[in-house]
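Have a look at the structure below before the remarks.
A, B, ... follow the sequence lines: proteins, then strands. Residue 1 opens every chain.
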Amino acid sequence: MFPEVADSSPLLQNLNPEQRAAVALPNEHALILAGAGSGKTRVLTTRIAWLLATGQIGPGNVLAVTFTNKAAKEMMTRLGAMLPVNVRGMWIGTFHGLCNRFLRAHYKLAALPQAFQILDTQDQLSAVKRLMKQHNVDEERFPAKELQWFIAGCKEDGLRPNMVEVKSEEDRRKVEIYQLYEEQCQREGVVDFAELMLRAYEVLRDNDPIREHYQRRFHHILIDEFQDTNKLQYAWIKMFAGPGNSVFAVGDDDQSIYAFRGARVGNMADFVREFSVRHQIKLEQNYRSYSNILDSANQLISNNKTRLGKNLRTDQGAGEPVRIYEAPTDMAEAQWMVEEIRHVVRGGGPDEGVSRNEVAVLYRSNAQSRVIETALFNAAVPYRVYGGLRFFERAEIKHALSYLRLLENPNDDTSFIRVVNFPARGIGARSVEQLQDAARTVGCSLHDAVTATTGKAGANLAAFVAKIDTMRAQTEGLTLREIMEVMLQQSGLLDHYKAERDGADRVENLEELVNAAESFVTQEGFGRDAVALPVDELGGGAILRQSPASQGLDPSLPEVHEPAPDYVPPDAETGETLSPLAAFLTHAALESGDNQANAGQEAVQLMTVHSAKGLEFDCVFVTGLEEGLFPSERSMSDYEGLEEERRLMYVAITRARKRLYLSYSQTRLLHGQTRYNVKSRFFEELPEHAVKWLTPKNQNFGGSAFGYGMGYPSTRGGYQRESIASPPVPVQKAEPTHGLRQGMKVFHTKFGEGTVLTLEGQGLDARAHIQFPRHGAKWLALSVAKLTPVN
DNA sequence: AGGCCTTCGAGTCTT
DNA sequence: TCGAAGGCCT
């Protein structure tokens with residue numbers, strides 16, 4: 001099926017035929033459909049290594065793109081382990097990291113200051129808010145979040161304000177704000193994440209020599225997680241894909257779970273069509289899971305209609321069955337899980353104890369972690385929750401970075417506002433507003449507008465600006481570490497937090513920031529993302545013509561210029577390098593840092609299914625598998641949404657190597673209300689031979705076809721529990737005392753006559769699920785509801 | 001300027 | 001229900 005590769009490179013050893021074929025493909029466009037656990041990263045890195053090792057290309061001829069810093073790092077580490085090559089100098093990185101590198105090199109063409117700052121999502125939102133206040137935009141009608149989303153969405157579709165289709169007065173207003181936002185960013189010399197991509201794309205699009213240069217340079221373009229690319233990223237890739245080079249796209253349409261943030265799986269099909277891709281290779285051999293787990297994943301995902309089609313297989317045996325557990329409440333579900341985890345970790349019997357690090361608890365939404373955390377905490381089981389605030393997103397860190405940014409660029413109004421009165425120095429909202437008005441009238445930055453202010457407030461402002469300016473002078477020529485220390489002292493941040501009652505953590509974080517800067521300088525060489533690269537070996541001689549638009553008045557206009565016949569390699573354009581400080585600030589924006597540092601103790605891993613993508617664990621719990629939760633209520637309305645939920649479930653299942661638990665609860669406390677849930681429809685989509693119900697599989701009259709709220713949680717009682725651990729909630733076996741039976745007709749004063757579907761609980765907890773013809777199925781507490789049996 | 005109270009919202013995430 | 005965020009009061 002795959003032509004045996006007549007290449008004896010040791011790199012190709014230990015690869016299966018499909019992998020080998022992918023790695024040693026000829027220099028043509030290719031799409032690799034890499035299933036979960038099929039060695040995707042391995043193929044990607046080995047492909048690069050093989051191209052280099054066989055002498056087909058040099059390190060400078062590769063462009064490899066990922067989504068996350070983690071993936072990029074892993075690729076570099078693995079490549080570095082395969083070949084003695086300086087991976088740092090190579091163009092391997094995230095979309096945004098590479099765009100940043102590109103824009104620093106071509107900052108003039110991009111109409112940006114060389115030391116432009118990058119706004120993260122928080123900064124962007126506050127920039128939008130600030131702008132809206134200034135222009136009296138009604139926050140009721142146009143929530144800042146919505147506008148932020150609108151702006152990002154436009155950019156990700158490659159649309160500048162003048163290109164957005166306006167269908168209503170609302171649209172017109174939004175576009176107007178978008179335009180104002182752009183002007184504000186331009187004025188302040190800052191770019192948001194989407195802007196990094198869009199600006200880089202436009203420079204390539206509008207400058208033939210630049211584009212052609214990179215096309216000549218990058219013989220091979222490799223993309224990881226191609227199913228997650230958005231419209232703009234795909235367009236960006238196309239800019240590099242010239243006539244002579246090849247695009248090697250690796251992805252898995254079944255793991256496309258980011259449509260909600262603009263990812264277009266359709267890019268895969270478009271790629272095949274537009275690039276006339278002749279080589280499509282499926283990696284279906286899975287090296288991760290036992291076949292019960294894999295069969296479950298395969299059967300589940302086969303329910304999706306829009307697929308390129310792929311089936312995972314494994315050489316490992318069936319393994320343990322997939323265990324399914326039904327709990328009466330979310331608390332009981334968590335309790336059961338804790339017991340099960342303890343058992344799994346302890347080992348015993350034929351089982352070996354599993355490290356806690358190898359146990360993952362997955363859920364659909366972050367809110368679900370709470371109950372689980374409580375249960376783990378009470379049982380003193382160490383755990384670690386992913387998600388939440390990352391290091392560089394913490395308030396004290398953002399404050400410190402704002403001061404640093406002001407040293408680098410006094411016109412950064414976002415940073416100015418953030419710290420002008422922090423620590424407090426008598427500059428209230430009033431004064432800031434007046435300053436903003438003054439700045440707007442003159443058309444200058446807040447920093448520059450300070451001289452125009454008067455009175456007491458003016459004096460305070462002047463003192464602040466003087467402080468910043470002094471600091472800038474003081475820190476000139478100092479090392480990054482020294483700059484940081486001066487800043488922390490002079491700004492008063494350190495003293496402020498030291499004086500604060502609960503400020504110890506924050507002080508610690510600030511100290512950690514100094515360390516981060518230190519290690520950035522020494523280990524990272526502080527330039528991977530930001531500093532000019534070595535001169536391109538492909539370049540020619542002279543000077544690159546400066547286009548008129550690069551003076552930077554309207555970035556939305558295509559840059560027009562004569563083709564530059566003589567031509568310098570773009571990378572060489574920047575003989576200037578970025579200061580360590582500017583480089584560090586870039587680093588801080590592009591790499592938001594880990595969310596939790598204490599990796600010391602072995603701990604159970606808690607995370608959403610989304611953040612589990614790409615990871616694997618010996619033992620996985622997927623919890624809260626209930627209609628409305630997983631699949632989530634908000635995705636259930638349309639078919640595409642449901643398919644994405646199913647892919648999400650597919651991702652969840654395929655995380656497990658050896659043991660997989662799926663659980664759900666009949667009731668769950670959500671938004672302060674008890675919700676009665678039906679088990680997820682996904683259970684119906686699993687192969688019976690591969691699963692084992694730890695609790696009796698409940699009857700389901702028509703299953704999910706009846707829709708939400710119509711399911712039939714099982715009656716509990718009198719069954720043999722298979723689960724290893726003893727049940728935290730004792731199984732109730734006593735006879736009911738309320739005199740109702742399943743199937744009985746009852747009368748309710750409000751809902752009328754109905755049929756008892758299910759009964760459960762005892763005494764005051766006793767409740768019944770009753771089907772009323774007019775009002776649908778209701779759960780009623782028998783101690784409250786007035787029910788009379790009807791004949 | 002800082003603390004208290006009301007209000008709102010509640011999905012998944014990376015750069 | 002719970003948390004954050006914004007407004008209002010002192």
In whole angstrom, what separates A:Arg370's CZ from B:dA10's C1'?
-> 13 Å

How do A:Ile427 and A:Leu648 order along DNA chain B: which one's closest nucleotide is nearer the 5' end?
-> A:Ile427

Minimum heavy-atom separation for A:Val620 to A:Ala652, with atom names?
-> CG1-O, 4.2 Å

Roughly how many Å is it from CZ in A:Arg101 to C1' in B:dT15, rounded to a whole number?
-> 16 Å

Please tell me which of the listed nucleotides, B:dT15, B:dA10, B:dC13, lies nearest to the side chain of A:Asn69?
-> B:dT15

Answer with base, sugar-phosphate or nothing: what part of the nucleic acid does A:Ser632 contact at a heavy-atom distance below 4.0 Å?
-> base

Let me know the distance between CE of A:Met636 and C1' of B:dG11, rounded to the nearest Å.
-> 14 Å

Does NZ belonging to A:Lys238 count more than 12 external heavy atoms closer than 6.0 Å?
-> yes

Given B:dT12, B:dT15, B:dG11, the nucleotide with the shortest approach to the side chain of A:Leu590 | B:dT15

Using a strict 4.0 Å threshold on nitrogen-to-oxygen distance, state whether A:Arg261 and A:Asp228 make a salt bridge.
-> no

Is A:Gln368 touching bases, backbone alone, or none of the nucleic acid, heavy atoms closer than 4.0 Å?
-> nothing

Contact boundaries of DNA chain C with chain A (under 4.0 Å, heavy atoms), 5' to 3'?
-> C:dT1 to C:dG6

Any A:Thr121 side-chain N or O less than 4.0 Å from OP1/OP2 of B:dT14 = no

Figure out the CD/C1' separation between A:Glu393 and B:dC13, and round it to whole Å.
-> 11 Å

Calculate the interatomic distance between A:Gln148 atom CD and B:dC13 atom C1'; express it in whole Å.
-> 13 Å

Verify the contact: side-chain N or O of A:Arg390 to OP1 or OP2 of B:dT15, cut-off strictly under 4.0 Å; return yes or no.
-> yes

side-chain N/O A:Ser611 vs B:dC13 OP1/OP2, d < 4.0 Å = yes

Could you state the atom-to-atom distance from CG of A:Leu629 to P of B:dG11 in whole Å?
-> 10 Å

Could you tell me which non-hydrogen atom of A:Gln184 sits nearest to which non-hydrogen atom of A:Ala127, and how far apart they are?
-> NE2-O, 3.3 Å

So CZ of A:Arg370 and CG of A:Leu606: to nearest 0.5 Å the spacing works out to 13.5 Å

A:Arg394 to A:Phe391, cation-pi by 6.0 Å centre distance and 45° axis angle = no

Look at all strands and tell whether A:Tyr258 reaches a base, only sugar-phosphate, or nothing, counting heavy atoms closer than 4.0 Å.
-> sugar-phosphate

If you count the non-hydrogen atoms of other residues, nucleotides and ligands that lie under 6.0 Å from CD in A:Glu640, is the total more than 12?
-> no

Which part of the nucleic acid does A:Asn421 contact within heavy-atom distance under 4.0 Å: base, sugar-phosphate only, or nothing?
-> sugar-phosphate

How is A:Lys129 classified with respect to the nucleic acid when contacts are heavy atoms under 4.0 Å: base, sugar-phosphate, or nothing?
-> sugar-phosphate

Tell me, please, whether A:Phe116 has A:Arg104 positioned over its six-membered ring: NZ or CZ under 6.0 Å from the ring centre and within 45 degrees of its axis?
-> yes

Closest-nucleotide ordering on DNA chain B, the 5'-leading residue of A:Ala194 and A:Glu645 | A:Glu645

Please evaluate the base of B:dG11 for a donor-acceptor partner in the side chain of A:Thr608 within a cut-off of under 3.5 Å?
-> no

With rounding to whole Å, what would you report as the distance between C:dA5 and B:dT12 at their P atoms?
-> 15 Å

With a 4.0 Å cut-off, would you call A:Arg675 and A:Glu626 a salt bridge?
-> no

Separation of B:dT14 atom P from A:Lys613 atom NZ, nearest Å, is 11 Å

Check the geometry between A:Phe260 and B:dC13 and answer yes if their rings are stacked (centres below 5.5 Å, planes below 30°), otherwise no.
-> no

Choose from B:dT14, B:dT15, B:dT12 the nucleotide whose nearest atom is closest to any side-chain atom of A:Arg364.
-> B:dT12

From B:dT12, B:dA1, B:dT15, nucleotide with atom closest to A:Ala424 side chain = B:dA1

A:Asn366 near the nucleic acid: base, sugar-phosphate alone, or nothing, with a heavy-atom cut-off under 4.0 Å?
-> sugar-phosphate

Quickly work out the A:Leu615 CG to B:dT14 P distance and round it to whole Å.
-> 11 Å

What integer number of Å spans the P atoms of B:dG11 and C:dA4?
-> 14 Å

